[in-house]
Amino acid sequence: MSNDNEFASYVALVTGASRGIGRAVAVRLASGGATVGVSYLSNTKAAEETVHTIEAAGGKAVLLQGDVGAPGVADRLVRELLALFNRIDVLVNNAGITRDNLVMRMDDASWDAVLTTNLKSAFLCSKAVVRPMLRTGGRIINISSVSGVMGNAGQANYSAAKAGMIGLTMALARELASRNITVNAVAPGFITTAMTAQLKEEQVAHLRQFIPLNRFGSVEDVAEAVAFLASSRASYITGQVLRVDGGMVMG
Ligand code: NAP
């Protein structure tokens with residue numbers, strides 16, 4: 001684990017950090033010295049494991065439970081972090097779900113759940129951190145997806161939410177630039193996590209054909225991109241979408 005202390009004194013909130021990409025992001029930011037708020041929905045054991053991993057490596061993390069798409073929760077999580085550490089420097093909007101189906105078979109509840117968890121939560125969490133970040137400057141990083149860049153059959157709800165995150169990224173970047181708050185998106189391609197674990201071996205082989213680097217990415221591949229955008233090395237980058245997809249989407 002690298003420990004270059006580039007995030008020393010930073011406080012970061014990572015939504016959906018109990019597993020997958022969010023966990024890797026939380027661990028990576030903590031390895032750079034950040035104190036991390038590990039948000040999760042219901043998997044307490046997994047979230048505790050994230051905290052233990054961070055603490056075992058000498059880092060600092062706290063658990064933050066709640067549905068980030070529900071009214072009032074983002075404000076509460078940010079209040080909890082501020083009460084403990086009195087600042088928030090980095091927000092990573094990562095919590096996400098899929099409810100895949102063809103549009104002709106997709107029910108309203110699947111549409112609403114995906115738009116609420118994946119997109120509205122990013123609005124609510126961003127809104128909750130803006131005021132404290134006005135004092136210090138800050139970084140907001142939205143985990144979008146290649147599905148939001150190029151669309152994906154069977155994922156109209158997910159693609160709409162992830163494309164919406166990109167619009168939110170650009171609008172917020174323009175609103176907040178004068179306050180030294182940068183807002184960027186990371187658009188992962190196929191990453192090996194629980195979300196892609198349902199894919200059958202032949203589906204994985206088929207999908208690899210469309211990935212020039214010919215492999216699924218790792219959660220660490222995404223975490224490095226987030227760490228870069230959170231770092232001072234990215235201080236002149238805002239409103240951008242960094243694709244971490246093995247070359248699936250170019251141009
Ligand atoms: P994952 O392994 O399924 O983990 C999802 C995380 O989100 C968990 O920590 C979960 O908490 C949390 N979560 C879900 N709903 C929530 C809610 N309402 N409030 C708070 N937390 C909630 O997902 P992943 O594959 O790491 O994906 C993470 C992000 O990357 C998602 O936004 C996803 O769309 C995006 N992404 C993933 C891929 C990929 O290939 N995996 C590709 C592109 C983009 P619990 O553990 O408590 O349920």
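Ligands are counted one by one from 1 in listed order, and the atoms in each one are counted from 1 as well.
- Counting non-hydrogen atoms of other residues, nucleotides and ligands closer than 6.0 Å to CD of Gln209 gives a total above 12.
- Within the set Ile191, Val222, Val244, Val114, the minimum heavy-atom distance to atom 40 (O) of ligand 1 is found for Ile191.
- Look at Ser42 and you'll find a heavy atom under 4.0 Å from some atom of ligand 1.
- When only non-hydrogen protein atoms are considered, atom 23 (O) of ligand 1 lies nearest to Met195 CE, 3.9 Å.
- Summarising the contacts of atom 22 (C) of ligand 1 with Ser18, Ala194, Ala95, the nearest heavy atom is found in Ala95.
- Atom 16 (C) of ligand 1 has Leu41 CB, 3.8 Å as its closest protein atom, hydrogens excluded (heavy atom only).
- For the atom pair Arg76 CZ and Gln65 CD, the distance stands at 6.5 Å (nearest 0.5 Å).
- Within ligand 1, counting atoms from 1 as listed, the ones closer than 4.0 Å to a heavy atom of Ala17 are 9 (O).
- Here the closest non-hydrogen pair linking Ala12 and Leu81 is O-CD1, 4.2 Å.
- Protein heavy atom closest to atom 26 (O) of ligand 1, with residue, atom name and distance, is Ile21 N, 2.8 Å.
- A tilted orientation is assigned to the rings of Tyr10 and Phe7, their planes being inclined by 30° to 60°.
- In this structure, the protein non-hydrogen atom closest to atom 3 (O) of ligand 1 is Arg19 NH1, 3.4 Å.
- For Val219 against Thr192, the heavy-atom pair with the smallest separation is CG1-O, 3.9 Å.
- Considering backbone and side-chain N/O atoms, Asn43 comes within less than 3.5 Å of an N/O atom of ligand 1.
- Assignment of Lys162 to the shell around ligand 1 is supported, since a heavy atom sits closer than 4.0 Å.
- Nearest heavy-atom pair across Leu29 and Val14 is CD1-CG2, 4.1 Å.
- Only the side chain of Tyr158 comes within 4.0 Å of ligand 1, judged by heavy-atom distances.
- Closest to atom 44 (C) of ligand 1 among all protein heavy atoms lies Ser144 O, 3.2 Å.
- The closest approach between Ala47 and ligand 1 stays at or above 4.0 Å for every heavy atom of the residue.
- Within the structure, ligand 1 has Gly189 among the residues with a heavy atom less than 4.0 angstrom away.
- Looking at Asn118, Thr117, Val186, it is Thr117 that brings a heavy atom closest to atom 15 (N) of ligand 1.
- Within the listing of ligand 1, atoms 28 (C), 29 (C), 30 (O), 31 (C), 32 (O) sit less than 4.0 angstrom from a heavy atom of Asn94.
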What do the steps show when you test Thr182 against Arg139 for side-chain hydrogen bond (donor to acceptor under 3.5 Å, both in side chains), and what is the final call?
CA-CA 5 Å; Thr182 67; Arg139 300 293 159 91; 3.1 Å; yes
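- Within 6.0 Å of CG on Asp108 lie no more than 12 heavy atoms contributed by other residues, nucleotides or ligands.
- The two residues Gln203 and Gln198 come nearest to each other via the heavy atoms OE1-O, 4.3 Å.
- Here the closest heavy-atom approach between residue Val186 and residue Val244 is recorded as CG1-CG2, 3.8 Å.
- Taking OG of Ser18 as the reference point, atom CG of Leu63 lies at 9.5 Å (rounded to 0.5 Å).
- Among residues two or more places apart in sequence or in another chain, the salt bridge (Lys or Arg N to Asp or Glu O under 4.0 Å) test is passed with Arg233 by Glu6.
- Comparing Ala161, Ala24, Gly16, Gly96 against atom 14 (C) of ligand 1, the shortest heavy-atom distance belongs to Gly96.
- Close approach of ligand 1 to Gly20 is summarised as follows: ligand atoms under 4.0 Å from at least one heavy atom of the residue are 2 (O), 26 (O).
- In this structure, Val68 has a heavy atom closer than 4.0 Å to ligand 1.
- Here the closest non-hydrogen pair linking Val38 and Ala26 is CG2-CB, 4.5 Å.
- Using a cut-off of 4.0 Å between Lys/Arg side-chain N and Asp/Glu carboxylate O, Glu49 and Arg23 are scored as salt-bridged.
- Residue contacts with ligand 1 for Ala70 are absent, since no atom lies close enough (heavy atoms, distance under 4.0 Å).
- Numbered from 1 in the order shown, with element, the atoms of ligand 1 that lie under 4.0 Å from a heavy atom of Gly66 read 19 (N), 20 (C).
- In this structure, OG on Ser178 lies 9.0 Å from CG on Leu134, to the nearest 0.5 angstrom.
- Listed by atom number, the atoms of ligand 1 under 4.0 Å from Ser145 heavy atoms are 43 (C), 44 (C).
- Annotation for ligand 1: atoms under 4.0 Å from non-hydrogen atoms of Thr193 are 24 (P), 25 (O), 26 (O), 41 (N).
- Shortest contact from atom 43 (C) of ligand 1 to any protein heavy atom: Pro188 O, 3.4 Å.
- Ranking the protein heavy atoms by distance from atom 18 (N) of ligand 1 puts Asp67 OD1, 2.8 Å first.
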